[in-house]
Amino acid sequence: MSRTMAAAWLVVVVLLGVHLAWRVERGLTFGTDLMALLPRDEADPALQRVNDQVAQSLSRRVAILVGDRDRDRARQAATIMTRDLAGSSLVEITALPSGPKRFAALGALYFPYRSGLLSEDDRQRLLDGHAETLETRALSQVFGLIGMADVRLLRRDPFMLLPAFFAALTLPSSRLGIDDGMLSVTDAGMTWILISGRLRGDPYALDVQARLNTVFEAATRAIRAGDPDVQVLHAGAVFFAAAGAKSAMADMSTLGVASSLGTVALILLVFRALTPLVLTVLAIGVGMGAGLSVSLLLFGELHIMAMLLGLSLIGIAVDYSLYYCVEMFAPGQRTPNQRLVRVMPGITLGLITTTVGYATFLLAPFPGLRQVAAFSVVGLIASFATVVFWLPLLDRRGPVRHGRVLLAATALLWRFWEAPALRPVRIAVLVVLAGIGLAGAGRISALDDVRRMQSLSPDLVAEQARLQQIAGFTIGTQFFVVRAADTETALRREETLLDRLRPLRLAGALGGYRAPASFVPSAQRQRQNRTLRQVRLETPLLAGYLAQIGLPAVELDTAPDGVLTLAAAEKIEPLDEILGELTVADGDQVAHIVMLDNVSRADAVRSAATGIDGVNFVDPAADFSRLLGRYRRRVVALLMVSAVLMLPLLALRYRLAGAIRVMLPAVLTIVLVPMAKALLGDPFTFFDAMALVLVLSVAVDYAVFCAEADAAYKPVALLGVWMAMASTVLSFGLLERSQVAAVHAVGSTMLLGVVLAFLLAPMAGRRKQREDG
Amino acid sequence: MRRRRLLLVLAAGTFATAARAQYRGVAPGQVLRGNFMQERRIKGFDRPLISTGDFVLAPGQGLIWRTEKPFAIVTVITAKGLVQEVGGTETTRLATARLPFLGRLYDLLGAALSGDWHKLGSQFQVTQQGDATQWELTLVPHAGADPVAMPFRSITLRGGTFLDEVRIVRLDDDSDHLVFSGQTLGTGEPSAAEAALLREAGK
């Protein structure tokens with residue numbers, strides 16, 4: 001029977017192994033987009049689609065600023081950077097209108113429709129009845145120190161309103177200007193030149209990141225070789241993603257290696273024999289391989305974070321074989337099958353409770369955590385099956401006799417929990433723990449802000465901040481989506497919105513905005529502007545103004561009834577690109593984007609859309625943070641549900657009182673860990689809550705082993721628990737060192753949790769001595 | 001500091017005295033005052049646009065260019081850029097940071113001021129005539145210069161102890177002719193009102 005099962009399990013393992021080998025042969029790829037781990041907002045799928053497109057477009061932006069004290073050297077450096085990036089075919093460099101020809105195309109587009117085009121400020125002046133300020137401005141430009149007028153323009157646009165419209169078109173908050181074909185700014189004696197572009201590949205693909213970094217670094221070296229003083233600043237989601245993936249990879253390899261070596265050393269030191277190590281490695285290997293193989297089968301591709309958390313499975317998968325191997329320390333001669341029989345109830349209950357814990361991950365709609373759950377559940381079952389079916393057949397070891405010191409040490413912990421004389425000390429310890437709990441409860445605070453949890457590379461954050469400060473713009477992530485049945489309606493809705501955003505901009509609630517309507521007003525607005533200009537400006541003031549400057553004749557409108565259309569503007573460089581970013585194809589609907597810069601009062605900006613049909617404010621980071629908060633609360637509820645679910649399971653074996661005694665150390669642990677972390681200054685995050693689900697499973701596992709042990713076996717059982725705890729500390733505990741905040745949260749919660757669970761586990765032991773005495 | 005001084009010269013070299021030996025310049029702490037007459041000729045206009053007024057130049061602080069006729073315009077130029085006001089209302093503000101062209105013009109005129117012909121030569125062909133008491137400097141952009149960045153046919157500066165005359169011819173043959181008179185080089189600070197104007201423009 002057992003040989004049949006062992007053979008059947010071998011078939012399964014071989015099949016999973018072949019599948020894994022085939023996948024590795026084809027090349028394994030891992031996802032790195034942290035946002036992909038987070039839940040989706042399914043309330044408005046159309047809005048979600050638009051958001052995804054905009055987010056994708058934003059994440060492909062790349063901005064590089066090169067600066068030097070000398071303008072020519074800065075331009076030389078910018079030329080090299082542009083050439084190398086464009087030459088790599090990884091980045092499409094945003095072309096600038098350069099030379100008179102490019103402006104000519106733009107001018108030819110707008111010029112015939114100039115009578116309907118007014119800058120936001122000029123329109124407001126006319127609406128407010130301050131037409132004379134426009135006349136005064138024109139006069140000062142004609143007569144001023146620096147002449148800004150030529151007769152061809154003055155004849156057709158006597159108040160020079162089209163140049164004012166153009167001047168307002170550039171980003172209001174940008175400090176950049178075009179200098180001889182390059183976007184430049186001078187700042188503290190430095191000439192800075194902006195090179196911006198769009199990534200051609202997926203910014204979250206590791207090979208794209210690696211290739212871009214190689215090209216960028218080579219170009220930077222080439223520039224520095226010719227000009228050591230040059231400064232290069234870079235920003236863009238792809239660089240953050242690359243740094244994040246690099247640190248996750250580094251975590252994975254260093255923590256993975258450290259954890260594996262630590263576990264090997266632990267086993268060798270404790271058992272002083274190879275057999276337990278071989279058996280354990282076998283159980284872990286089968287568990288990991290099966291977990292990876294099945295996850296790839298289920299999901300197609302694994303996220304790097306799921307991989308990282310999944311790998312920590314070593315820490316739990318190892319438990320089953322450790323519990324088995326520790327039986328070698330048990331007194332008396334035992335066959336492998338007798339060893340298995342002894343640990344079977346413990347590891348079976350352990351598997352069930354841990355699976356219940358992981359299964360709650362499946363209830364949370366976080367795609368990445370589902371991957372972790374699937375990886376872990378499959379891996380644990382595979383490890384369990386390996387221990388149950390294979391280990392007794394492979395185990396040829398007799399009992400081990402060198403365990404006296406170790407067993408004496410674990411006996412000490414038992415003594416602490418059971419010796420009647422130590423009762424006051426136990427009470428004191430429990431009082432201290434209660435004190436920690438109370439003090440922590442006063443300090444605990446939740447953190448859901450995804451921006452603070454992503455742990456972006458601080459160097460890159462500082463560099464991006466400097467780039468934005470010099471260039472005077474932010475790479476905004478907040479925007480409005482304006483949806484309508486047709487373009488004209490969308491433009492009108494935008495204008496309603498922009499008219500409300502303007503006072504907010506003047507009040508400093510945001511730095512600026514860009515919408516299709518800023519470049520091409522609605523037909524309605526163009527006609528209003530035309531009337532406004534005729535009635536308020538030209539009729540009362542034009543004749544007097546022309547007499548004053550001595551211009552004999554003007555030729556006003558060439559297209560008195562025509563209006564500029566978005567479709568026409570979209571064909572002209574560089575508007576094709578700008579408008580391409582601000583319009584999203586969405587079936588037969590029209591979706592326009594109003595991009596926002598430097599939003600400082602998100603609530604005020606959000607409420608500007610109130611009452612305008614089809615307009616939604618999108619703040620991806622805030623939306624994700626809200627979702628994280630929602631799911632953090634949900635996970636805490638799931639934690640309570642799984643604790644309650646475990647009680648009847650345990651009661652089947654221990655009756656209710658026994659089940660409560662087994663649950664007590666586990667419940668104390670999950671309550672105390674977040675409190676203790678709060679005292680250390682750590683906030684309580686969604687990821688802590690997730691880790692607590694694991695802590696609960698593991699803690700129940702430990703308590704079950706203690707509860708299963710009769711008096712003679714207590715030190716052996718606790719040695720098994722100690723080994724399980726030590727190996728978990730070696731794997732999960734090392735995650736505490738991770739640069740990724742979410743992984744750090746999981747690691748530190750697990751570290752504290754398993755240590756506390758180990759120390760409290762003997763509470764669950766049967767009180768034989770007391771009952772006897 | 002040098003940069004600031006260069007700025008002052010934006011107004012077509014108000015005090016640019018090109019002959020190196022003769023240049024007295026305006027030192028920090030000194031203030032140059034004078035009157036100007038500007039005659040702008042634009043093709044297609046009935047008559048030249050003539051404006052007159054006075055100016056105040058304070059090294060390290062800026063230039064105030066006050067047009068009195070045909071109507072009052074105050075133009076203030078500082079390191080930060082150019083600001084124009086009419087009747088106390090700001091009508092134009094150009095930031096040097098956004099218009100590197102402005103900054104480059106200062107550099108060029110600064111080169112003219114300090115007699116750094118080599119630097120001037122990188123953008124202009126420079127011809128010098130006359131002697132130390134009566135000199136003339138002609139700047140012509142090199143062939144092939146970007147017409148957007150350098151929309152001039154030629155710039156001519158004439159003077160003796162001070163700069164007396166500037167003639168700027170644009171590519172479309174529109175021209176500006178500036179004549180300076182009554183220039184006095186004094187010591188002391190600009191007046192309180194002038195200092196306020198410079199501060200406001202330097203924001």
Side-chain angles (χ1 to χ4, degrees), chain A residues 70-72 74-75 97-103 130 132-155 164 167 170 174-189 191-193 470-472 546-553, chain B residues 3 10-12 36 38 40-51 53 55 63 65 67 69-77 82 84-87 89-92 94-105 107 122 145-151 168 170-172 174-176 178:
Chain A
D70 182 81
R71 173 178 174 268
D72 290 335
R75 292 177 68 87
S98 65
K101 241 184 174 173
R102 274 286 183 65
F103 285 119
H130 297 308
E132 72 289 346
T133 59
L134 299 184
E135 183 192 24
T136 307
R137 181 181 68 197
L139 281 172
S140 72
Q141 284 171 354
V142 172
F143 279 96
L145 174 57
I146 297 179
M148 290 176 232
D150 75 68
V151 72
R152 277 165 310 167
L153 176 64
L154 278 172
R155 274 213 186 113
T170 50
S174 167
R175 298 174 69 216
L176 298 160
I178 296 177
D179 172 26
D180 203 357
M182 291 184 177
L183 266 181
S184 307
V185 61
T186 52
D187 183 85
T191 297
W192 293 93
I193 293 166
I470 292 168
L546 291 177
Q548 202 166 357
I549 63 175
L551 189 64
Chain B
R3 169 92 188 200
L10 175 67
F36 71 84
Q38 180 173 17
R40 174 165 296 156
R41 287 181 182 274
I42 305 180
K43 285 191 313 294
F45 275 59
D46 289 346
R47 51 182 189 270
L49 300 166
I50 296 173
S51 56
F55 66 89
L63 167 73
W65 187 267
T67 306
K69 284 179 181 166
F71 59 96
I73 310 171
V74 181
T75 307
V76 185
I77 299 171
L82 175 152
Q84 240 168 29
E85 276 184 24
V86 178
T89 308
E90 188 178 306
T91 58
T92 306
L94 303 174
T96 314
R98 263 183 90 165
L99 293 172
F101 164 66
L102 279 182
R104 206 141 37 85
L105 198 61
D107 284 347
S122 72
D146 180 357
V148 176
M150 191 64 74
I168 301 170
R170 296 177 186 243
L171 284 178
D172 54 10
D174 289 352
S175 66
D176 275 306
L178 289 133

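In this structure, chain A has no heavy atom under 4.5 Å from any part of B:Phe36. Interface remark: B:Ser51 contributes side-chain atoms only to the contact with chain A (heavy atom separation under 4.5 Å).
Considering all non-hydrogen atoms of both residues, A:Phe143 and B:Ile50 come closest at CE2-O, 4.1 Å. Pairing each heavy atom of B:Gln84 with each of A:Ser140, the nearest pair is OE1-OG, 3.3 Å. Listed here is the closest heavy atom pair of A:Gln548 and B:Phe71: NE2-CD2, 3.9 Å. When all heavy atoms of A:Ile549 and B:Leu49 are compared, the closest pair comes out as O-CD2, 3.2 Å. Considering all non-hydrogen atoms of both residues, B:Ile73 and A:Leu139 come closest at CD1-O, 4.4 Å.
Heavy-atom contacts from other residues, nucleotides or ligands closer than 6.0 Å to NZ of B:Lys69 number 12 or fewer.
A donor-acceptor contact shorter than 3.5 Å links the side chain of B:Arg40 to the backbone of A:Val142.
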